[in-house]
Novice: 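One structure, pasted below without further comment.
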Amino acid sequence: MTASVSQPTPSLLQQKVVSVQQAEHSLTLEWETGESAQYHYLWLRDNCASAFHPETQERDFDLLSVTEDIHPLRIQVNDTSLDIVWSEGGHKSTFLLSWLYEHNYSRPTRARHTSSYQSWDSSFIQRIPRANYASVISDDAALYHWMVELDKLGLTIVEGMPDTAESMAALATRVDYLRQTNFGTTFDVVSVASPINLAYTSISLPLHTDLPNQETPPGYQFLHCLANECEGGESRFVDGLRVAEALREQCPDHFKLLSEQVIPFRYHDQEHDIRQHHSVINVDDFGNIIEVKYNAHIATVFDLPAEVMHDYYLAYRSFMARLRDERFEIELKLQAGQMVVFDNRRVLHGRNKFADTSGRRHLHGCYVDRSEFKSRLRVLAQKHG
Ligand code: OGA
Ligand code: ZN
């Protein structure tokens, strides 16, 4: 499969070009806003409208069909476009000025890639976004508004879930297809006689993210509460993003170790042995904290370089201590008919122990990955954004 890059969609922005300067490998446009932007010839040729299949919008241009010295023979600026006649193949390209302005890569990268995430602390309990099953299942605008909140804050509650085994997957597939794991496409969190993981007991589960032993841990987690009539069994959540932000501010050396060094995670049973090394905190190329992976139960024997081991443990403990700080945590008891949905690659979850004998507890779970979530959000935004 090939990557898809959508070519010029005219934007309402109509910026004017004041001057064009040509250099050996690029041209520079000065915009009437006072900004100037450099566009490289290889980049321009590679993004000519003709380089994309008219229907699929996937690039079908072969970059090696031109030399690295390709350059304009003629450049003409019109009211809304820039025309180039190239030195090779007599090829002519037309670029909308609005498209060039939108794709100005001379702007500082940080400004072009800001995160949509807003972190929270324990006060979030007062303002957890809530949505209604009946609306989200049937109305795209409601689906969109719920997903916007979920994207931004990483945790929401859906109320009014029908008391059926199917309702969770029906709602999750409104976002997109489900992520299958070794625990199935959907899974039941109930206390059982021979558990294959600690979630299937009645003991407390300390804060964790699910399945960091996977190469890509599952994205959004859906946990539909079918019954929670026992004593205990409250859910606990902490925004890993907020804790990582606090660590970065207060102990930058610890933050650096947790974001640069990798530790091993492993799940194994009779049929599986799934292992992966990961850093506990992931930062993207633009400095945004994009992921937290923490699960004491499946973090296995650390194999860090000897000279790093002690300092790493100090950093890890400092992160753990912050995770337990009640200023960051929210606690709630899910009721039958509620479903919590959260970004498993950002928000840590846990539960208090419960007494099996005091009443039934049954959660039904599944995951939808981040790529599918973001994709759906973009598509819905075209109509509802
Ligand atoms: C899990 C889990 C939470 C709960 O299944 O991964 O964390 O409330 N369950 O039982
Ligand atoms: Zn879990």
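Excluded from the calculations below are hydrogen atoms, water molecules and symmetry mates; all remaining heavy atoms, backbone and side chain alike, are included. Start at 1 and go down the list; that is how both ligands and their atoms are numbered.
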Novice: For the ring pair Tyr367 and Phe183, is the centre-to-centre distance below 6.0 Å?
Specialist: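 No - the distance between ring centres of Tyr367 and Phe183 does not fall below the 6.0 Å cut-off.
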Novice: Any chance the rings of His208 and His349 have centres within less than 6.0 Å?
Specialist: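 Distance test on ring centres: under 6.0 Å, yes.
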Novice: Less than 6.0 angstrom from the centroid, inside 45 degrees of the normal: does Arg248 satisfy that with respect to the ring of Phe255?
Specialist: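 Positive - Arg248 is close enough to the ring of Phe255 and near enough to its axis.
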Novice: Is the distance between the ring centroids of Tyr313 and Phe302 under 6.0 Å?
Specialist: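 When the ring centroids of Phe302 and Tyr313 are compared, they turn out to be within the sub-6.0 Å range.
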Novice: I want to know whether Phe328 and Trp120 have ring centres closer than 6.0 Å.
Specialist: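 Distance test on ring centres: not under 6.0 Å, no.
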Novice: What pairs meet the salt bridge (charged side-chain N to carboxylate O under 4.0 Å, His left out) rule with one or both residues in residues 125-138, with sequence neighbours excluded?
Specialist: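 Applying salt bridge (charged side-chain N to carboxylate O under 4.0 Å, His left out) to every pair that reaches into residues 125-138, excluding sequence neighbours, yields Arg130-Glu159.
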Novice: Does the distance from a Lys or Arg side-chain N to an Asp or Glu carboxylate O, for Asp83 and Arg74, drop under 4.0 Å?
Specialist: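 Here Asp83 does not pair with Arg74 in a salt bridge, since their nearest N and O are not under 4.0 Å apart.
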Novice: Taking only residues two or more places apart in sequence, or in another chain, which ones meet Phe222 in a ring-ring contact (aromatic ring centres under 6.0 Å, His included)?
Specialist: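 Result, ring-ring contact (aromatic ring centres under 6.0 Å, His included) vs Phe222: none returned.
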Novice: Can you list, by chain and residue number, every protein residue with a non-hydrogen atom closer than 4.0 Å to ligand 1?
Specialist: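 Only Val189, Ala199, Leu205, His208, Asp210, His349, Arg351, Arg361, Leu363 have heavy atoms that fall under 4.0 Å of ligand 1, ordered by chain and number.
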Novice: Below 2.8 Å, which protein N, O or S atoms neighbour the Zn ion (ligand 2), ignoring water?
Specialist: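 You should have found His208 NE2, Asp210 OD1, His349 NE2.
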Novice: Under 6.0 Å between ring centres: does that hold for Tyr101 and Phe95?
Specialist: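 Ring-ring flag for Tyr101/Phe95: false, centres at least 6.0 Å apart.
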